Amino acid sequence: MERLAFSCLVLFISLLPVADAGSIGVNYGRIANNLPSASKVVSLLKSQGLNRVKVFDCDPAVLKALSGSGIKVTVGLPNELLFAAAGSKSFASTWVQKNVAAYHPSTQIEAIAVGNEVFVDPHNTTRTRSRYLIPAMKNLHDALVKNNFTNDIKISSPIAFTALQNSYPSSAGSFRPDLVESVFKPLLDFLRQTGSYLMVNSYPFFAYASNSHDIPLDYALFRENPGVVDAGNGLRYFSLFDAQIDAVFAAMSALKYDDIKVVVTETGWPSKGDENEVGASIPNAAAYNGNLVRRILSGGGTPLRPKADLTVYLFALFNENKKNGSTSERNYGLFYPTEDEVYDMPFYPTKSSSGNTWCVAKGDVGKDKLQSALEYACGEGGADCHPIQPGATCYNPNTVEAHASFAFNSFYQKKRRGMGTCYFGGAAYVVSQPPRYGSCDFPTGY
């Protein structure tokens, strides 16, 4: 999403990491005249259990408020300073001294975001700025080396999803041809050499709002749906978000950079919009952000990179009343400036008292539908169906519903309880209490 840069401040805040799972963060934008003070915001973040922030410009009041908070910080160099940072090692060194060394380690700075969505507009200043991005990143890295900060602090640059030439199907993902040799190859080389990651801003809302007749709302909101098969690689996608991120992975893979990690630095859904902004509503915003949190914190990557847990930052912490553009631009917030919630936002996944969930069959869909889904789960789906064979521990009760429930749950658990993995054409649903079919125990992991 395009930013009003130099005069504004944006923070990204990440939840405490969950073992064997991804992490969730939230953007804290300040294009408003009615927001709480930095110290109050830090208190709010701590009260929510948040421990990571990203700042787009280095506001001293914010960096001071974060000092001693235990919150890790990513500072930002605005687009307007790319030219200066690229053309002068002295400028880059001074910038690091003023905005990093002056606060670190009391303020736990862990990364620098160099520019933001530099490639959004193919006209005006975009081409000029893109020429300065890599030199600026290298000069800032050299300044980190001089201060012995490179083990603790990484450098990257958030790219807009529009930096891709193709994104559908995901397997055909590719970067814009005019940026491949001049920007993306040098950028990805730099990230590989420094052990950093690619920052990506992804908004399924934009795709849905402009193609609502073709994109199912459930697919955009992480709700249960039959999924979409990518004809290029045969993978089935249950969310537009996963499909977009895999398009980025495919674009990197096409350039032989499969080893670079991705951090989603912006994603969100507006709670209000103009008449032509289809889907902008409080229920949809709550569904998108809430389901995204549960999907990320339950662990697992994307269909293309299933073992690569993701770090994702929601946009945004507050509604910002001074942002230009459509109504939606001022209504991405999780909180009002009063610190009241716009809607209930679960920052932690909802689980049973034991912390587990299971997938079971819907008995009312009919035996034929259950049998068909059971055969898929035990066959192509790869579920462990040995325990429901004759004479095995879960053969009894010998009913289609009981056997289907065991097979569905096996598939669900093997897929790490990911969104869309307990659907089976509408024949299954998730429960938070252990299923009871005879004396059979349903596993919660494989």
Side-chain angles (χ1 to χ4, degrees), residues 1-4 10 12 25-27 29 31 116-123 126 158-170 172-176 179 198-223 225 228 237-251 262-293 295-296 302 310 312-317 319-320 323-334 342 419:
M1 181 177 295
E2 197 166 4
R3 283 295 169 275
L4 298 177
V10 181
F12 292 72
V26 59
N27 291 272
I31 309 178
N116 186 55
E117 297 192 340
V118 176
F119 319 122
V120 168
D121 185 357
H123 307 292
T126 297
I159 67 166
F161 193 67
T162 51
L164 271 66
Q165 177 75 11
N166 297 306
S167 61
Y168 181 82
S170 299
S174 62
F175 295 117
R176 281 170 35 190
L179 297 174
L198 182 65
M199 296 176 173
V200 177
N201 298 343
S202 172
Y203 286 88
F205 167 72
F206 295 152
Y208 174 77
S210 61
N211 297 280
S212 59
H213 293 297
D214 299 320
I215 299 175
L217 183 59
D218 287 345
Y219 182 64
L221 297 181
F222 296 93
R223 294 198 292 228
N225 65 88
V228 176
Y237 288 86
F238 295 99
S239 74
L240 181 55
F241 172 85
D242 278 354
Q244 289 192 347
I245 301 309
D246 269 358
V248 177
F249 282 135
V262 163
V263 169
V264 181
T265 40
E266 289 185 27
T267 190
W269 198 283
S271 59
K272 185 178 180 181
D274 294 326
E275 185 176 348
N276 65 335
E277 294 185 292
V278 180
S281 70
I282 285 180
N284 287 347
Y288 179 82
N289 288 322
N291 288 334
L292 173 61
V293 167
R295 177 254 184 271
I296 296 300
T302 62
L310 291 172
V312 175
Y313 297 90
L314 301 178
F315 188 87
L317 185 58
N319 283 341
E320 300 167 65
K323 294 195 71 175
N324 294 325
S326 60
T327 298
S328 67
E329 289 294 319
R330 295 176 289 282
N331 288 279
Y332 274 88
L334 304 174
V342 177
M419 282 290 169

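Note that the structure is a prediction, hence the values are computed from the model and not measured.
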Nearest heavy atoms of Asn289 and Gly268, plus distance in Å: OD1-CA, 3.9 Å
Would a 4.5 Å heavy-atom cut-off, applied to side chains only, mark Phe119 and Thr162 as touching? no
Do the ring centers of Tyr288 and Phe205 come within less than 6.0 Å of each other? no
Do Asn27 and Glu266 have side-chain atoms, one donor and one acceptor, less than 3.5 Å apart? no
So, for Leu217 and Arg223, which heavy atoms are closest and what is the spacing to 0.1 Å? CD2-NH2, 3.7 Å
Taking every heavy atom of Pro216 against every heavy atom of Tyr208, the minimum-distance pair comes out as C-CE1, 4.3 Å
Side-chain donor or acceptor of Asn166 paired with backbone N/O of Ser174 under 3.5 Å: no
Let me confirm one number: the CZ-CG distance from Phe249 to Leu198, rounded to the nearest 0.5 Å. 9.0 Å
Just verifying a value: how many Å separate Ser167 OG and Phe161 CZ, rounded to the nearest 0.5 Å? 4.0 Å
For the student: nearest non-hydrogen atoms of Gly333 and Asn319, plus distance: N-OD1, 2.8 Å
How far apart are the closest heavy atoms of Ile215 and Ala207, and which atoms are they? CD1-O, 3.6 Å
Are Phe238 and Val228 close enough that some pair of their side-chain heavy atoms sits under 4.5 Å apart? no
To the nearest 0.5 angstrom, please state how far the CD1 atom of Ile282 sits from the OG atom of Ser271. 5.5 Å
Rounded at 0.5 Å granularity, tell me how far CZ in Arg330 sits from NZ in Lys323. 9.5 Å
Between the side chain of Asn291 and the main-chain N/O of Leu221, is any donor-acceptor distance below 3.5 Å? yes
Could you check whether any side-chain N or O of Asn284 sits under 3.5 Å from a backbone N or O of Ala280, counting only pairs where one atom can act as donor and the other as acceptor? no
Taking the side chain from Asp246 and the backbone from Gln244, do they hold a donor-acceptor pair closer than 3.5 Å? no
The reported gap from CG in Asp218 to OG in Ser239 (rounded to nearest 0.5 angstrom) is 12.0 Å
Close side-chain approach of Asn201 and Glu117, heavy atoms under 4.5 Å: yes
Is the backbone N or O of Ala209 less than 3.5 Å from a side-chain atom of Ser212, with the two atoms forming a donor-acceptor pair by type? no
Tell me, do Tyr313 and Thr267 make a side-chain contact under 4.5 Å, heavy atoms counted? no
Does a side-chain heavy-atom distance below 4.5 Å link Trp269 with Phe315? no
Taking all heavy atoms of Tyr203 and all of Tyr332, pick out the closest pair and write down the distance. CE2-CE2, 3.9 Å
Donor-acceptor pair between Asp274 and Ser326 side chains, under 3.5 angstrom: no
Could you tell me whether the side chain of Thr302 and the main chain of Asp242 form a donor-acceptor pair under 3.5 Å? no
Report the distance from atom CG of Leu240 to atom OG of Ser170, rounding to the nearest 0.5 Å. 8.5 Å
Judged by modelled atom types alone, do Ser328 and Glu277 share a side-chain donor-acceptor pair under 3.5 Å? yes
Decide side-chain contact (heavy atoms from CB on, under 4.5 Å) for Leu314 and Val293; before the verdict, give the C-alpha distance in whole Å, the side-chain angles of both, and the deciding distance to 0.1 Å. CA-CA 9 Å; Leu314 301 178; Val293 167; 4.2 Å; yes
Thr265 side chain near Val200 side chain, heavy-atom distance below 4.5 Å: no
